[in-house]
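Heads up: the structure comes next, in structure tokens.
Both counts, for ligands and for their atoms, begin at 1 and track the order of listing.
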Amino acid sequence: MKRTLTSQGKPFTFSPKNQKKVTEIISQYPVTRQASAILPLLDLAQRQAEGWLPQEAIEHVAELLKISPIRAYEIATFYTMFNLSPRGKYLLQVCTTTPCQLVGSDEILQACNQTADVEQGEISKDGLFTVFEVECLGACVNAPVVQINDDYFEDLNAERMLNILNDLKLGKQVKPGSTIGRQCSAAYEGPHHEKEDV
Ligand code: FES
């Protein structure tokens with residue numbers, strides 16, 4: 001995946017509400033170690049910028065932490081959780097690593113691509129969706145898995161994926177987690193309890 005910086009064409013500053021959060025976050029670090037606040041500050045900047053991190057936001061965070069811009073660029077371009085170009089309202093990260101692939105991630109990716117109807121990484125015409133194929137999301141027990149913004153949707157099949165996407169299009173709330181009602185990562189038939197000795 002190409003990870004290059006994108007300008008938003010205007011300066012970035014934190015909103016007054018987020019500026020308070022910035023102060024709080026920085027205060028959690030020792031005075032000589034405040035550069036370590038870079039990850040939460042970049043995350044906050046990304047949330048303020050509606051899901052992506054403009055070059056100006058990265059530079060603003062570097063300035064706040066008194067570090068050189070190149071150090072902030074290195075971090076922002078390393079972690080794929082930072083989106084370096086605009087994305088749709090819903091970022092669909094479809095896991096296609098082996099455990100998900102073995103239980104149907106191909107058809108889920110197809111459902112997402114059909115709905116977005118644009119190339120991977122582009123924004124759908126209605127502005128709602130951007131699709132990325134990603135490596136293991138670390139929830140293989142509940143494969144196949146798709147991450148939509150901050151939430152995981154698990155135990156998917158094409159039909160349930162399409163239902164979720166249609167609900168998002170209609171502006172409905174969707175419930176994260178297992179789509180078959182599985183309790184966390186318990187067995188399909190529910191948690192097992194060892195018999196107590198009698
Ligand atoms: S392989 Fe898909 S979550 Fe691990």
Check your understanding: What protein N/O/S atoms lie closer than 2.8 Å to atom 4 (Fe) of ligand 1?
Key ->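 The answer is Cys136 SG, Cys140 SG.
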Exercise for review: For residues 156-168, pull every pair meeting side-chain hydrogen bond (donor to acceptor under 3.5 Å, both in side chains), keeping only residues two or more places apart or in separate chains.
Suggested key: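 Every pair satisfying side-chain hydrogen bond (donor to acceptor under 3.5 Å, both in side chains) with a residue in residues 156-168: Arg160-Thr179.
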Point to revise | Val94 vs Asn113, side-chain contact (heavy atoms from CB on, under 4.5 Å): CA-CA, chis, key distance, verdict | key: CA-CA 10 Å; Val94 184; Asn113 282 334; over 6 Å; no
Point to revise | Derivation of the side-chain contact (heavy atoms from CB on, under 4.5 Å) call for Arg47 and Asp150 | key: CA-CA 11 Å; Arg47 287 172 194 279; Asp150 288 336; 2.9 Å; yes
Check your understanding: side chain to side chain contact (heavy atoms under 4.5 Å, CB included) with Pro40: which residues, sequence neighbours excluded?
Key ->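 Applying side chain to side chain contact (heavy atoms under 4.5 Å, CB included) to Pro40 gives Ile25, Tyr29.
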Can you give the donor-acceptor pairs under 3.5 Å from side chains of residues 58-67 to other protein atoms, not counting sequence neighbours?
residue	atom	partner	partner atom	Å
Glu59	OE2	Gln55	NE2	2.9
Glu59	OE2	Tyr73	OH	2.4

Check your understanding: Does any N or O in the side chain of Gln46 come within less than 3.5 Å of the main-chain N or O of Met81, such that one atom is a donor and the other an acceptor?
Key ->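 Answer holds: yes.
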